[in-house]
Amino acid sequence: MSDDQSCTRRQVIRSLVGGSVLLPAFLSRLLAEDAARDPLAPRPPQFPGHAKRVIFLFLTGGVSHMDTFDHKPRLFSDDGKTMVAGGGLSQDKKQLLRPMWEFRPGGRCGTLVSDLFPHLRERMDDIALINSMKSDNNEHFEATLAMHTGSFTFARPSIGSWVSYGLGTLNQNLPSFMVIAPKLPFTGTQVFSNDFLPAYHQGTRVIPGPEPIPHLAPRSRGEGLQEAELGLAEAFDRNFLKDNGNDSELAARIRSFETAYRMQTEAPDAFDLRKESDETLKLYGLERSKPQGFAWQCLMARRLVERGVRFVELIDTGAYDNWDAHGDMKTCIPLAKNVDQPMAALLQDLKRRGMLDDTLVVWTTEFGRTPGQDGPTGRGHHSAVFSSWLAGGGTKGGIVYGKSDELASQVAEKQVHIHDFHATILHLLGFDHTKLTYRHAGRDFRLTDVYGTVVKDLLT
């Protein structure tokens with residue numbers, strides 16, 4: 001069937017909906033057949049992947065690796081010594097700064113984690129910790145862009161958009177890619193932009209609070225009135241689309257209105273915590289009367305992937321008041337308290353529901369911090385080495401991969417560049433990162449550009 005015929009068929013169906021001519025069962029079958037040609041219909045990966053969905057945890061500002069996951073005894077013993085640590089911006093003589101929190105073993109595996117993350121420390125048996133991450137830029141904008149898109153300089157599709165493009169959605173009534181962010185991070189909306197991929201794959205932002213997605217309730221109160229209005233509007237839209245050569249961006253815009261309509265039935269239930277037990281809320285550290293904070297974000301992530309959303313990103317803070325602790329590392333204490341228990345609860349909750357095996361949880365930041373002082377008790381930007389971790393979705397729990405040098409200034413063993421990080425995530429979803437491509441401006445683009453190697457030692 002041609003695109004023109006498809007448009008006409010859909011117009012007729014919608015018009016009949018408004019007029020209540022078709023029997024419900026017959027109408028449902030026609031709409032189901034029409035949805036089968038939907039660009040967001042679920043698609044199989046290139047090969048069987050362990051993970052079916054992703055929860056991407058991004059902590060904004062540059063979390064200090066040596067104060068969280070990368071234990072370096074020498075930084076404790078050499079505190080105050082002036083030297084060139086090396087790596088990134090650590091090429092000048094600076095006083096070394098000892099971590100402000102003690103490290104203790106977590107889980108049965110005994111992985112050392114600082115007192116900044118006491119709850120998460122107890123979940124290390126589920127986590128594959130990478131202490132040899134490497135980026136190429138020490139500026140927030142470029143590093144944040146690269147962690148999300150694989151590009152340090154140019155706007156490119158985000159990793160969530162690539163996953164949506166590759167796999168489609170498991171629920172036609174919700175977007176395939178959703179971002180829960182109280183504020184926008186560095187690079188703003190580019191962290192969830194589709195860029196040159198079809199607009200179907202752009203992330204939908206959710207803002208914690210009483211109205212996570214604005215204007216979700218229907219304004220038309222009369223029975224069947226909204227359906228009739230939408231049917232008429234779509235008929236005009238499809239004619240306009242035909243007159244404009246079936247432009248993909250315009251088609252995606254029309255599709256977004258259809259998704260918005262479907263969300264009126266599905267999204268309210270997804271964001272309704274009344275069915276969650278008191279025990280579950282306590283696990284996350286969430287008060288039923290206060291739907292906010294990272295605890296709410298983590299619980300919503302579980303509820304959304306449970307309902308078929310393919311990729312959910314959680315962003316803890318915006319471009320200000322984040323982990324960018326130049327003057328005083330103690331500013332990280334309230335930030336850590338906001339995320340520690342909810343992240344641990346998310347892993348525990350997914351695991352007890354049997355979802356962790358096929359849900360990949362990714363934790364990262366844009367870069368780490370310098371071994372030496374920046375401000376009196378703070379640290380500067382440091383991309384030469386930092387920490388990230390993966391859990392579930394076919395990864396090995398309870399391991400530490402890679403190693404920094406004794407000052408946590410440079411990679412000493414088994415470097416993992418962000419391109420390798422992305423290649424590994426795509427592999428776990430069932431994709432060869434070199435073959436998940438999109439033709440644009442005369443060339444085939446991919447998330448990993450022309451780089452990237454799958455880190456097989458992280459896989460089960």
Side-chain angles (χ1 to χ4, degrees), residues 56-70 87-90 94 97 99-101 113-117 120 129-131 133-149 152 158-159 179-192 205 207-208 292-295 297-298 313-343 362-389 404 408-409 418 421:
F56 194 92
L57 311 174
F58 185 77
L59 272 56
T60 300
V63 177
S64 172
H65 50 299
M66 70 278 293
D67 288 284
T68 52
F69 298 109
D70 196 0
L89 298 180
S90 298
K94 295 280 188 178
L97 180 66
M100 296 183 181
W101 298 273
V113 179
S114 85
D115 287 344
L116 204 55
F117 289 142
L120 192 60
L129 175 62
I130 306 170
N131 277 336
M133 288 288 295
K134 170 75 166 60
S135 186
D136 294 340
N137 198 290
N138 287 298
E139 297 301 323
H140 290 294
F141 187 98
E142 289 82 356
T144 300
L145 183 69
M147 184 56 74
H148 285 86
T149 72
F152 288 92
S158 72
I159 184 172
V179 181
I180 309 179
K183 299 177 182 178
L184 291 176
F186 301 100
T187 76
T189 59
Q190 184 57 44
V191 299
F192 52 89
R205 183 185 176 193
I207 302 175
Q292 58 192 16
F294 208 71
Q297 293 175 250
C298 285
E313 176 166 3
L314 308 183
I315 301 175
D316 67 331
T317 59
Y320 301 96
D321 299 324
N322 53 45
W323 294 81
D324 194 25
H326 286 275
D328 185 1
M329 291 302 301
K330 290 182 179 179
T331 59
C332 296
I333 294 175
L335 296 169
K337 187 175 181 180
N338 180 46
V339 302
D340 175 42
Q341 181 177 347
M343 292 190 299
V362 180
W363 181 94
T364 192
T365 182
E366 63 259 49
F367 44 55
R369 314 301 300 184
T370 56
Q373 294 178 355
D374 192 23
T377 56
R379 304 185 189 276
H381 304 177
H382 196 75
S383 63
V385 66
F386 60 104
S387 298
S388 297
W389 54 258
S404 64
S409 63
I418 61 167
F421 194 56

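It should be emphasised that the depicted structure is a prediction, and the values quoted were computed from it without experimental measurement. Heads up: numbering here begins at 1 and tracks the sequence. When reading the values below, keep in mind they use all heavy atoms of this one structure, side chains included, and skip hydrogens, waters and symmetry mates.
For Glu366 and His140, the side-chain atoms include at least one donor-acceptor pair closer than 3.5 Å. Side-chain N/O atoms of Ser383 and Ser135 include no donor and acceptor closer than 3.5 Å.
With hydrogens and angles disregarded, no donor-acceptor distance shorter than 3.5 Å links the side chain of Asp115 to the backbone of Trp101. Looking at Gln297, its side chain does come within 3.5 Å of a backbone N or O of Ile315 through a donor-acceptor pair. Side-chain N or O atoms of Thr60 include none that pairs as donor or acceptor with a backbone N or O of Gly318 at under 3.5 Å. When atom types are taken as modelled, the side chain of Thr370 and the backbone of His382 share no donor-acceptor pair closer than 3.5 angstrom. A donor-acceptor pair is defined here as one N or O able to donate and one able to accept, closer than 3.5 Å; such a pair exists between the side chain of Asn338 and the backbone of Phe294.
Smallest separation of non-hydrogen atoms from Pro182 and Arg205: O-NH2, 3.2 Å. The two atoms that bring Val191 and Phe186 nearest to each other are CG1-O, 3.9 Å, heavy atoms only. Contact between Trp323 and Val339 at its shortest, heavy atoms only, is CZ2-CG2, 4.3 Å. Closest approach of Phe69 to Ser387, counting heavy atoms only: CB-OG, 4.0 Å. In this structure, Ser409 and Ala384 approach most closely via the heavy-atom pair O-CB, 3.4 Å. Shortest non-hydrogen contact noted between Val63 and Arg369 is C-CG, 4.0 Å.
With contacts defined as side-chain heavy-atom distances shorter than 4.5 Å, the pair Asn137/Phe367 does not qualify. Using a 4.5 Å cut-off on side-chain heavy atoms (C-beta onward), Leu314 and Phe58 make no contact. For the pair Phe192 and Leu184, the minimum side-chain heavy-atom distance is below 4.5 Å. Taking the side chain as every heavy atom from C-beta outward, Ile418 and Met133 approach each other to under 4.5 Å.
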Pairs of donor and acceptor atoms involving the side chains of residues 326-336, under 3.5 Å and at least two apart or interchain, shall be tabulated with distances.
unit_1 : atom_1 : unit_2 : atom_2 : d
His326 : ND1    : Asp374 : OD2    : 2.4
His326 : NE2    : Asp324 : OD1    : 2.9
His326 : NE2    : Asp324 : OD2    : 3.2
His326 : NE2    : His381 : NE2    : 3.0
Asp328 : OD1    : Lys330 : N      : 3.0
Asp328 : OD1    : Thr377 : OG1    : 3.0
Thr331 : OG1    : Asp328 : O      : 2.9

Carefully, step by step, assess His148 and Thr187 under the rule side chain to side chain contact (heavy atoms under 4.5 Å, CB included). CA-CA 10 Å; His148 285 86; Thr187 76; 5.7 Å; no
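Interatomic distance, Trp389 CH2 to Met343 CE, rounded to the nearest 0.5 Å: 6.0 Å.
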